[in-house]
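One structure is given below, encoded as C-alpha cells.
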Protein chains: 2
Amino acid sequence: MSNYSIDIQKRAEMFKALGNPHRLAIFQRLTTCCVPGTVCEMEDAMHFTVGEIGEELEIAPSTVSHHLKELFRAGLIQTRRNGKSIECWIEPELLEQLSGFFNIDFLNNQSELTENKQKVKS
Amino acid sequence: MSNYSIDIQKRAEMFKALGNPHRLAIFQRLTTCCVPGTVCEMEDAMHFTVGEIGEELEIAPSTVSHHLKELFRAGLIQTRRNGKSIECWIEPELLEQLSGFFNIDFLNNQSELTENKQKVKS
DNA sequence: ACTATAATTCGACATATTTCGAAGTGTAGT
DNA sequence: ACTACACTTCGAAATATGTCGAATTATAGT
C-alpha cells in the first residue's frame, strides 16, 4: 500500500473522496452550477456555501462538514470564509486534470494517438 | 444515501472502486499496457491475466481476486476465462465515459462551450 | 486418475468510514 | 455584552473495507 508513487496515492484519495454518493453529489453540484446554455462566470457562479449544500443533501450539518473536509483534503474543492458563511468551489483546472486521467490518448503518451486509433480500427 | 439517481449511485461505486491504491494501480495497468508510441491493439494488448496483475502488486492472490471482483462489480473491467487463466481488460468506451464526466464542456450541456469559455476569458 | 497451475470462496481479524448529537468557535447585528 | 447564525470539532456507535491463509473449484497436461 505504500510503495506507490505520490501520484497514484494522491489520485486514489481523490477517487475515494468521490466514491461516496453524498460527496459525489456535492462535487457534481459544484461543477454543474452554471445554467446550461449560459456563459459560465467562473469567479462567482461556481461558489456555494456549506449551508446551501447541506440543504440539498438532507443530512446533519456535522456530516456535511465532515464530507467537505474530505473533499478538501483530497484536493477536490477550495474553501474560503465570507462573513458568517464559508464558500466552496472547484477549480476548473482540476476538472481538466481528472478528465485527462481517463483520456486514453493521454495515457498513450501524447500526440499521434488519434492516428493510432484509426489505424487499429482500419 | 438512497434518494440518489441510479446514475450517481453507479458512478460513486466506480469512484469508490478506484479509490483504493491497489485497485487504481490495476486499473491504470490495464489502461496503459500499450507501449507508448506504438499502435495499440485493443483486442489483445489490453488484456492481462489475474496472475500477471498479482505479481506486480505483491499482495496475496486472494486479495487480488477480491479487488478484481470489486472492479468488475463497479463495471470498470471485463473478464473472460482463457484456459487456466482469466483475462481482464477495460473497454475503451468506459474511459471515454469517465473522461466525459469531468469535462466541464460536457457538463455545460453540450456544444457551444468552447465558445463560452472564450467569452468568459475575454 | 493424478498432479500442477490459476484463480475464487470462506471465515477471521484489524482498521477505516459514515453518521449523529452535543458542545465549541467565529462572525455580524443590536 | 448578548444573541443568532453558520459552521466545525469531538466522541460514540454501527457498518464497511482490506487483508490474509486455508480450503475449494476449474482447467490442462501426463
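Letters go in sequence order (proteins before strands), and every chain restarts at 1.
When the nearest nucleotides of DNA chain C are assigned to A:Thr63 and B:Thr49 by heavy-atom distance, the more 5′-ward of the two goes with B:Thr49.
Of all non-hydrogen atoms in A:His67 and A:Ile26, the two that sit nearest each other are CB-CD1, 4.2 Å. Minimum heavy-atom separation, B:Ile59 to B:His22: CG2-CE1, 3.5 Å.
Two residues are said to be in side-chain contact when any heavy atoms from C-beta on lie closer than 4.5 Å; A:Trp89 and A:Glu91 meet this criterion. A:Glu13 has its side chain out of reach of A:Arg73: every pair of non-hydrogen atoms, C-beta onward, lies at least 4.5 Å apart.
Rounded to an integer number of Å, the gap from B:His66 NE2 to C:dC10 P is 14 Å. Spacing between atom CZ of A:Arg23 and atom C1' of C:dA16 amounts to 12 Å, rounded to whole angstrom units. Between the NZ atom of A:Lys69 and the P atom of D:dA6 there is a distance of 21 Å, rounded to whole Å. Following rounding to the nearest Å, B:Arg80 (CZ) and C:dA7 (P) show an atom-to-atom distance of 14 Å. Note: CZ (A:Phe15) to P (C:dT17) measures 17 Å, nearest angstrom. C:dT19 atom C1' lies 15 Å from atom CD of A:Glu58, rounded to whole Å. What separates CG of A:Leu18 from C1' of C:dT17 is a distance of 16 Å, to the nearest Å. Rounded to whole Å, atom C1' of D:dG18 lies 12 Å from atom CD1 of B:Ile26.
The side chain of A:His67 lies closest to C:dT19 when the candidates are C:dT19, D:dG18, D:dC7. Distance from the side chain of B:His22 is smallest to D:dT19 among D:dA6, D:dT19, D:dT8. Candidate nucleotides C:dA6, C:dT8, C:dA16 were compared by shortest atom distance to the side chain of A:Lys16, and C:dA16 ranks first. The side chain of B:Asn20 has D:dG18 as its nearest neighbour among D:dG18, C:dA7, C:dC20. Taking only side-chain atoms of B:Pro61, from C-beta outward, the nucleotide of C:dC20, D:dC7, C:dT8 with the closest atom is C:dT8.
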Exercise for review: Take A:Phe15 and A:Leu98 through the side chain to side chain contact (heavy atoms under 4.5 Å, CB included) test and state the conclusion after the steps.
Suggested key: CA-CA 10 Å; A:Phe15 290 135; A:Leu98 285 168; 4.2 Å; yes

Practice item. In sequence, state the C-alpha distance, the side-chain angles, and the governing distance for B:Gln28 and A:Phe101, and then conclude on side chain to side chain contact (heavy atoms under 4.5 Å, CB included). Key: CA-CA 9 Å; B:Gln28 210 168 211; A:Phe101 178 73; 3.3 Å; yes

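With hydrogens and angles ignored, the 3.5 Å screen pairs no side-chain donor or acceptor of A:Lys16 with any backbone N or O of A:Arg11. Proximity of a side-chain donor or acceptor of B:Ser99 to a complementary backbone N or O of A:Ser99 within less than 3.5 Å is detected. In this structure a side-chain-to-backbone donor-acceptor pair under 3.5 Å is missing from A:Thr79 to A:Glu87.
In the interface, the side chain of A:Ser62 is paired with the base of C:dG21 through a donor and an acceptor atom under 3.5 Å apart.
Across A:Leu95, A:Thr31, A:Leu94, a single residue satisfies side chain to side chain contact (heavy atoms under 4.5 Å, CB included) together with B:Phe102, and that is A:Leu95.
One axis for each end of the helix from C:dA1-D:dT30 to C:dT30-D:dA1, each built from five base pairs, and the angle between them comes to 20° at 10° resolution.
Looking at heavy-atom distances under 4.0 Å, B:Ser85 makes contact with sugar-phosphate atoms alone, never a base.
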Study note, to complete from the structure: Letter by letter from the 5' end, nucleotides 23-30 of chain C scores (B base, S sugar-phosphate only, - none; protein heavy atoms under 4.0 Å) ----BS--

